[in-house]
Amino acid sequence: MKNILKILKEEAFKGMKKGDGGPFSAVVVKDGEIIAKGHNMVIGKNNPVLHAEIVATMRASKKLKRFDLSDCEIYSSCEPCPMCFSALHWARYKKVYFVLTKVQAEKIGFDDKKIYEILGNKEKPDFEYIQLDDTENVVDVFNEWEEKEDRVDY
């Protein structure tokens, strides 16, 4: 465990010093072996979704050649934001460990409180969120997926 915490710290510093993004890192472990790691790359790659947990998950999936990581654990330097939490859920990790809390992240400028309030229906998003009435052109794709015999459920 101490080794993983040391790697989390080193990886977070590495990304921060390179100018890739904030002070966040993640490590994916399978059967006691580190198979992937990542740090925040939002600034370095100009991509708002490249948080540490996403980067590490993408690398682990690529290495294992699968999207189901239910036999893996992920360690994060900080409590996952709502986006990363969702990604970790979709990856089906068996355990998610984190060190610092969202409250600690908020104190240094990384505030997800508004997102939690939106998800809890206590607040409205900053953008217009509009459901279109014309489902005719899109529903066919859903119907075909439902009938697809060789689909891969995930």
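Under the 4.5 Å side-chain criterion, counting only non-hydrogen atoms from C-beta, Val29 is not in contact with Cys72. Side-chain contact between Ile118 and Lys124: absent, with no pair of heavy atoms (C-beta onward) separated by less than 4.5 Å. Counting heavy atoms from C-beta on, the side chains of Pro82 and Leu119 come closer than 4.5 Å. Contact annotation: the side chain of Ile35 approaches that of Leu64 to within less than 4.5 Å [non-hydrogen atoms, C-beta and beyond].
By the ring pair (Phe, Tyr, Trp, His ring centres under 6.0 Å) test, Phe110 pairs with Phe24, sequence neighbours left out. Judged as a salt bridge (Lys or Arg N to Asp or Glu O under 4.0 Å), and not counting sequence neighbours, the contacts of Lys30 are Asp71. Applying the side chain to side chain donor-acceptor pair (under 3.5 Å) test to Asp126 and every residue at least two apart in sequence or in another chain returns Lys114.
A pairwise comparison of heavy atoms in Arg92 and Tyr154 identifies NH2-C, 3.1 Å as the closest pair. Looking at every heavy atom in both residues, Gly38 comes nearest to Ala52 through O-CB, 3.8 Å. Nearest heavy atom pair, residue Val99 against residue Ser77, reads CB-O, 3.5 Å. The shortest non-hydrogen separation linking Ala36 to Ala56 is CB-O, 3.6 Å.
Residue pairs that meet the side-chain hydrogen bond (donor to acceptor under 3.5 Å, both in side chains) test with at least one member in residues 48-63, sequence neighbours left out, are Glu53-Ser76, Thr57-Tyr93. Judged as a side-chain hydrogen bond (donor to acceptor under 3.5 Å, both in side chains), the pairs with a partner in residues 8-28 (not counting sequence neighbours) are, in order, Glu11-His39, Asp20-His39. Applying the salt bridge (charged side-chain N to carboxylate O under 4.0 Å, His left out) definition to pairs two or more places apart or across chains, those involving residues 94-110 are Glu106-Lys113.
Atoms CG and CE, from Asn46 and Met41 in turn, are 11.0 Å apart once rounded to the nearest 0.5 Å. Distance OG/Ser86 to CD1/Ile54: 8.5 Å, rounded to 0.5 Å. Here the CG-CD1 distance, from Leu69 to Ile74, works out to 8.5 Å after rounding to the nearest 0.5 Å. Going from atom OH of Tyr116 over to atom CD of Glu123 covers 15.5 Å, rounded to the nearest 0.5 Å.
Around CZ of Phe67, the count of heavy atoms belonging to other residues, nucleotides or ligands within 6.0 Å exceeds 12.
A distance-only check finds no donor-acceptor pair linking the side chain of Arg151 to the backbone of Asp153 [under 3.5 Å].
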